[in-house]
Amino acid sequence: MKRITVPEILARKRATPIVVLTCYTAPMARILDSHVDILLVGDSLGMVVYGMDSTLGVTLDMMIVHGRAVAKEAKHALVVIDLPFGSYQESHEQAFAACARVMNETGAHAVKLEGGVEMQSTIRFLVERGIPVMGHVGLMPQRVHSMGGYKYQGRNEDEANAILQDALAVQEAGAFSMVIEGVKEDVARNITSQLRVPSIGIGASPACDGQVLVVDDMLGLSGSGYTPSFVKHYAHLSQIIEQAVKTYGEEVRNRTFPSAEYCFPFKKKS
Ligand code: KIV
């Protein structure tokens, strides 16, 4: 299967919408790969996989372990890995070193980092050195405390204009696309119309050039009972898993598992 490339994603501006899902493990990468354009190894893995309260505790080592597992299995999708909090904000050199580790040690194709105007020179530094960068503006989860929580952004003219300036700065720095997260629909629509590079929306607008969701959220896999209001459940897998585990428990307890066909020498299953 042919690999999707960074220039192909760039060329999808105002074309067929770009399909993106987060992915953190090899088995999920095998299932998703042929159905999406981009697999994003998001630092949301801190909350989704490790049960953290925010993404702030995620380390570069964690991103690399999960990124490697996903990149190994992805034969079609472009694999993008999030730079975690604290791995790129200090200096251009620190950001480059983090990217070099990600690219060397995982086999991924691009990185994503959060920030707007203030990250412009860092993104430019990385892009000039051959690292494809996806930006991330609007609601930036790594700034949850300074933003006062996971709040929708762009609720007044000043906020809307600040997000637009962020998006333009990220584009001018050379990012090949950017996530617009948790932004009022009309604001995301306007930003998308002003950009030359594709926007990937989450809690944003159908006008974005692509959409991303956290895979466990859209599959109903979290089991926590909480779903962000912008998430559509395409399945309710936690219920299916719970039922399967309940049945397994019953069969172990009443000794109907393992039946003869699952014991050596194995009989042909009917
Ligand atoms: O970390 C993540 O999964 C993300 C997406 C939600 C865009 O940044």
Side-chain angles (χ1 to χ4, degrees), residues 9 17-25 28-29 32 36-60 62-67 69-71 74 77-89 98 102 106 108 110-116 119 123 133-144 147 149-153 163 166-167 170 175-183 188 191-192 197-205 208-219 221-222 224 226-232 234:
I9 295 296
I18 301 162
V19 181
V20 189
L21 279 174
T22 67
C23 185
Y24 318 109
T25 64
M28 193 61 91
L32 304 184
V36 302
D37 300 305
I38 298 178
L39 288 172
L40 171 64
V41 186
D43 61 354
S44 51
L45 68 79
M47 297 155 97
V48 176
V49 180
Y50 292 96
M52 296 175 176
D53 290 336
S54 74
T55 58
L56 296 175
V58 176
T59 65
L60 192 55
M62 290 163 78
M63 295 309 300
I64 286 173
V65 169
H66 287 271
V70 171
L78 189 84
V79 177
V80 179
I81 299 192
D82 255 342
L83 295 183
F85 177 71
S87 71
Y88 63 95
Q89 293 92 341
V102 165
T106 68
V111 300
K112 175 167 85 58
L113 60 84
E114 296 181 10
M119 292 309 296
I123 296 173
V133 176
M134 177 184 278
H136 185 147
V137 300
L139 196 167
M140 294 181 259
Q142 292 178 9
R143 301 180 193 196
V144 56
M147 286 184 159
Y150 298 104
K151 291 185 181 151
Y152 256 73
Q153 305 293 305
I163 303 168
D166 280 343
V170 168
F176 70 94
S177 62
M178 75 190 73
V179 167
I180 302 180
E181 177 166 357
V183 166
I191 293 171
T192 297
V197 300
S199 65
I200 314 282
I202 175 163
S205 167
C208 289
D209 302 292
Q211 301 293 329
V212 57
L213 283 176
V214 168
V215 69
D216 293 53
D217 286 348
M218 59 89 77
L219 293 178
L221 199 48
S222 81
S224 73
Y226 168 73
T227 310
S229 42
F230 56 81
V231 171
K232 177 172 176 181
Y234 287 81

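Order of appearance sets the numbers: ligands from 1, and atoms from 1 within every ligand. Note that these values count all heavy atoms, side chains included, but never hydrogens, waters or copies made by symmetry.
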Is there a side-chain contact between [X] and [Y] in this structure, where contact means two heavy atoms from C-beta onward sitting under 4.5 Å apart?
| X | Y | value |
| --- | --- | --- |
| Asp217 | Pro228 | yes |
| Leu219 | Met28 | yes |
| Tyr88 | Leu60 | no |

N/O contact list for ligand 1, threshold under 3.5 Å:
| from | atom 1 | to | atom 2 | distance (Å) |
| --- | --- | --- | --- | --- |
| ligand 1 | 1 (O) | Asp43 | N | 3.2 |
| ligand 1 | 1 (O) | Asp43 | OD1 | 3.0 |
| ligand 1 | 1 (O) | Ser44 | N | 3.0 |
| ligand 1 | 1 (O) | Ser44 | OG | 3.3 |
| ligand 1 | 1 (O) | Asp82 | OD2 | 3.1 |
| ligand 1 | 3 (O) | Ser44 | OG | 2.5 |
| ligand 1 | 8 (O) | Lys112 | NZ | 2.9 |

Residues that [X] engages under side-chain contact (heavy atoms from CB on, under 4.5 Å), provided they are two or more places apart:
| X | value |
| --- | --- |
| Ala77 | Asp33, Val36, Leu39 |
| Lys151 | Gln153, Arg155 |
| Ala188 | Ile180, Val183, Ala204, Ser205, Cys208 |

